[in-house]
Every structure is written in structure tokens, then in C-alpha cells.
Chemist: 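Here you go, one structure.
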Amino acid sequence: MGRMFVVELDGRSYRCGFCKTHLALPDDLVSRSFHCRRGKAYLFNNVVNITVGDLEERMMISGMHTVADIFCCCCGQIVGWKYEAAYEKSQKYKEGKFVLERGRIVDEIDFSSEVYIDTRPSMSDSEDA
């Protein structure tokens with residue numbers, strides 16, 4: 001295997017939920033209304049820092065497609081799939097696009113703006129003795 005070069009995206013990005021590697025920009029987001037076995041998923045025009053697995057025929061809710069699983073290039077975790085071919089005319093728009101599973105990615109906002117919640121029990125002003 002050769003040397004790995006990781007693409008750093010400028011601005012807000014979607015990242016691998018396991019190692020925080022940059023995967024996609026919000027400008028490349030096509031749809032948030034996709035679903036997968038594990039829950040919600042997002043459709044993107046372009047993603048970076050992935051490796052593509054073997055092609056396979058997969059029956060999905062929208063019909064038969066040729067897809068390949070996609071993996072984070074840094075940690076190797078599966079993050080979604082790529083549509084290679086759609087057999088129904090109405091699904092052709094998906095060809096060449098990528099799906100990132102929402103449960104396997106984080107929006108940069110999810111972890112860049114840290115919010116601390118004080119969970120220690122305390123008394124209100126009226127309970128002070």
C-alpha cells in the first residue's frame with residue numbers, strides 16, 4: 001500500500017464518526033431523505049477520503065441497484081455506499097453519487113461547538129438556608 005494523503009476540506013464538513021476524518025461538504029449534499037438499515041442517510045454528489053469496496057447487486061427500497069460499500073480511508077469503518085448503476089429510469093439520478101449513513105458521520109458543528117451542561121444537583125435560591 002502506498003502513502004496515504006488525506007484531503008482537508010475548508011469550512012464546515014461532514015466527518016467520519018469514528019476518527020473525524022473529513023468526508024464531504026454541505027455544498028455537495030443532494031438529499032437528506034434517504035434511509036438505510038441503520039436509520040437515516042444523506043445523498044452526496046462527492047465525498048473524499050474513502051475507499052470503495054467491491055461492486056454488488058443490491059435490492060433496495062427503490063429497486064435493484066449496483067452499489068459498492070464505501071469506507072473511511074483512515075480508520076476503515078464503513079460509512080455508506082456508492083451508487084454505480086440504477087436499473088429503473090426514475091432512479092438514474094443516483095448513479096455516481098454517494099450515500100453517507102447519518103449514524104456513522106458527524107457534522108463538524110456536532111463536535112466543534114462544545115456545550116457543557118452542569119449535571120450536579122444544586123439548590124435554587126429559594127432553597128438556600
Side-chain angles (χ1 to χ4, degrees):
M1 188 171 154
R3 183 177 204 153
M4 181 175 52
F5 293 95
V6 177
V7 176
E8 294 280 329
L9 299 172
D10 291 331
R12 184 177 154 212
S13 64
Y14 292 95
R15 297 181 179 208
C16 174
F18 302 94
C19 70
K20 309 302 185 266
T21 298
H22 295 229
L23 296 174
L25 291 169
D27 290 345
D28 287 319
L29 181 62
V30 176
S31 175
R32 288 187 173 131
S33 62
F34 277 66
H35 295 279
C36 62
R37 286 179 277 229
R38 296 177 195 90
K40 293 182 179 183
Y42 295 169
L43 182 69
F44 289 87
N45 281 320
N46 189 43
V47 297
V48 297
N49 299 323
I50 58 152
T51 57
V52 180
D54 295 333
L55 294 178
E56 63 180 73
E57 302 293 316
R58 207 177 279 172
M59 178 56 80
M60 301 189 152
I61 295 169
S62 57
M64 184 65 77
H65 295 82
T66 302
V67 299
D69 288 331
I70 57 175
F71 305 86
C72 174
C73 71
C74 291
C75 69
Q77 289 289 326
I78 186 168
V79 290
W81 66 90
K82 179 181 182 183
Y83 284 105
E84 290 293 337
Y87 298 102
E88 295 184 28
K89 190 175 183 178
S90 66
Q91 301 300 307
K92 292 284 187 185
Y93 75 96
K94 296 176 182 176
E95 291 181 344
K97 292 185 172 50
F98 302 85
V99 173
L100 295 178
E101 297 180 20
R102 187 63 185 105
R104 295 181 169 272
I105 62 171
V106 292
D107 187 325
E108 190 168 38
I109 292 173
D110 291 346
F111 66 91
S112 66
S113 57
E114 298 179 20
V115 177
Y116 297 98
I117 300 172
D118 186 2
T119 58
R120 293 174 293 169
S122 64
M123 298 187 309
S124 68
D125 291 339
S126 62
E127 294 175 335
D128 288 339

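All of these numbers come straight from a predicted model, not from anything done at the bench. Hydrogens, waters and symmetry mates are skipped; everything else that's a heavy atom, side chains included, is used.
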Chemist: Drop me the distance from K97's NZ to F34's CZ, to the nearest 0.5 angstrom.
Modeler: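 One gets 9.0 Å once the value is rounded to the nearest 0.5 Å.
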
Chemist: Look up atom CG in N46 and atom CG in D28, then write down how far apart they are to the nearest 0.5 Å.
Modeler: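 One gets 5.0 Å once the value is rounded to the nearest 0.5 Å.
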
Chemist: With a cut-off of 3.5 Å and sequence neighbours excluded, list every side-chain donor-acceptor pair involving residues 47-57.
Modeler:
{"residue": "N49", "atom": "OD1", "partner": "V7", "partner atom": "N", "Å": "2.7"}
{"residue": "N49", "atom": "ND2", "partner": "V7", "partner atom": "O", "Å": "2.7"}
{"residue": "N49", "atom": "ND2", "partner": "H22", "partner atom": "O", "Å": "2.8"}
{"residue": "E56", "atom": "OE2", "partner": "R58", "partner atom": "NE", "Å": "3.1"}
{"residue": "E56", "atom": "OE2", "partner": "R58", "partner atom": "NH2", "Å": "3.2"}
{"residue": "E57", "atom": "OE1", "partner": "T66", "partner atom": "OG1", "Å": "3.4"}
{"residue": "E57", "atom": "OE1", "partner": "Y87", "partner atom": "OH", "Å": "2.8"}
{"residue": "E57", "atom": "OE2", "partner": "T66", "partner atom": "OG1", "Å": "2.8"}
{"residue": "E57", "atom": "OE2", "partner": "Y87", "partner atom": "OH", "Å": "3.1"}

Chemist: Using the salt bridge (charged side-chain N to carboxylate O under 4.0 Å, His left out) criterion, which residues pair with R37? Sequence neighbours excluded.
Modeler: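 Counting only residues at least two positions away or on another chain, R37 forms no salt bridge (charged side-chain N to carboxylate O under 4.0 Å, His left out).
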
Chemist: Run the side-chain contact (heavy atoms from CB on, under 4.5 Å) test on L100 and I70 for me, step by step, so that the C-alpha distance in whole Å, both residues' side-chain angles and the decisive distance to 0.1 Å come before the verdict.
Modeler: CA-CA 9 Å; L100 295 178; I70 57 175; 3.8 Å; yes

Chemist: Going by ring pair (Phe, Tyr, Trp, His ring centres under 6.0 Å), name the residues that satisfy it together with H65, two or more places apart in sequence or in a different chain.
Modeler: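 Checked H65 against ring pair (Phe, Tyr, Trp, His ring centres under 6.0 Å); matches are Y83.
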
Chemist: Who pairs with Y42 by ring pair (Phe, Tyr, Trp, His ring centres under 6.0 Å), at least two apart in sequence or on another chain?
Modeler: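 Applying ring pair (Phe, Tyr, Trp, His ring centres under 6.0 Å) to Y42 gives Y14.
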
Chemist: Do E101 and W81 come close enough that some side-chain heavy atom pair is under 4.5 Å?
Modeler: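 E101 reaches W81 side chain to side chain.
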
Chemist: Where is the tightest heavy-atom contact between K94 and S62, given as atom of each residue plus distance?
Modeler: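 Between these two residues, the closest heavy atoms are NZ-OG, 2.8 Å.
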
Chemist: Which value, rounded to the nearest 0.5 Å, describes the distance between C36 atom SG and I61 atom CD1?
Modeler: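 That separation rounds to 9.5 Å.
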
Chemist: Starting at CG of D69, measure out to NZ of K82 and round the result to the nearest 0.5 Å.
Modeler: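 Reported to 0.5 Å precision, the distance equals 13.0 Å.
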
Chemist: Where is the tightest heavy-atom contact between F71 and G76, given as atom of each residue plus distance?
Modeler: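 Taking F71 first and G76 second, the nearest heavy atoms are CD2-O, 3.5 Å.
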
Chemist: If I take atom NZ from residue K20 and atom SG from residue C74, how far apart are they, to the nearest 0.5 angstrom?
Modeler: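 Rounded to the nearest 0.5 Å, the NZ-SG separation comes out at 12.5 Å.
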
Chemist: Mind checking what makes side-chain hydrogen bond (donor to acceptor under 3.5 Å, both in side chains) contact with K40, not counting sequence neighbours?
Modeler: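 K40 satisfies side-chain hydrogen bond (donor to acceptor under 3.5 Å, both in side chains) with no other residue.
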
Chemist: Taking side chain as C-beta onward, heavy atoms only, is V99 less than 4.5 Å from H35?
Modeler: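 Side chain of V99 against side chain of H35, heavy atoms only: no contact under 4.5 Å found.
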
Chemist: State plainly whether one hydrophobic cluster holds both Y93 and M60, where clusters connect Ile, Leu, Val, Met, Phe, Trp and Tyr through side-chain heavy atoms under 4.5 angstrom apart.
Modeler: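 Yes, Y93 and M60 fall within the same hydrophobic cluster.
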
Chemist: Restricting to side-chain contact (heavy atoms from CB on, under 4.5 Å), what partner residues turn up for F18, sequence neighbours left out?
Modeler: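 F18 satisfies side-chain contact (heavy atoms from CB on, under 4.5 Å) with C16, C75, Q77, R104 only.
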
Chemist: Assigning hydrophobic clusters by single linkage (Ile, Leu, Val, Met, Phe, Trp, Tyr; side-chain heavy-atom cutoff under 4.5 Å), is L29 placed with V79?
Modeler: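 Yes, it is one cluster - the side chains of L29 and V79 are joined through contacts under 4.5 Å.
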
Chemist: From R15 CZ over to D107 CG, what is the distance, rounded to the nearest 0.5 angstrom?
Modeler: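 One gets 10.0 Å once the value is rounded to the nearest 0.5 Å.
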
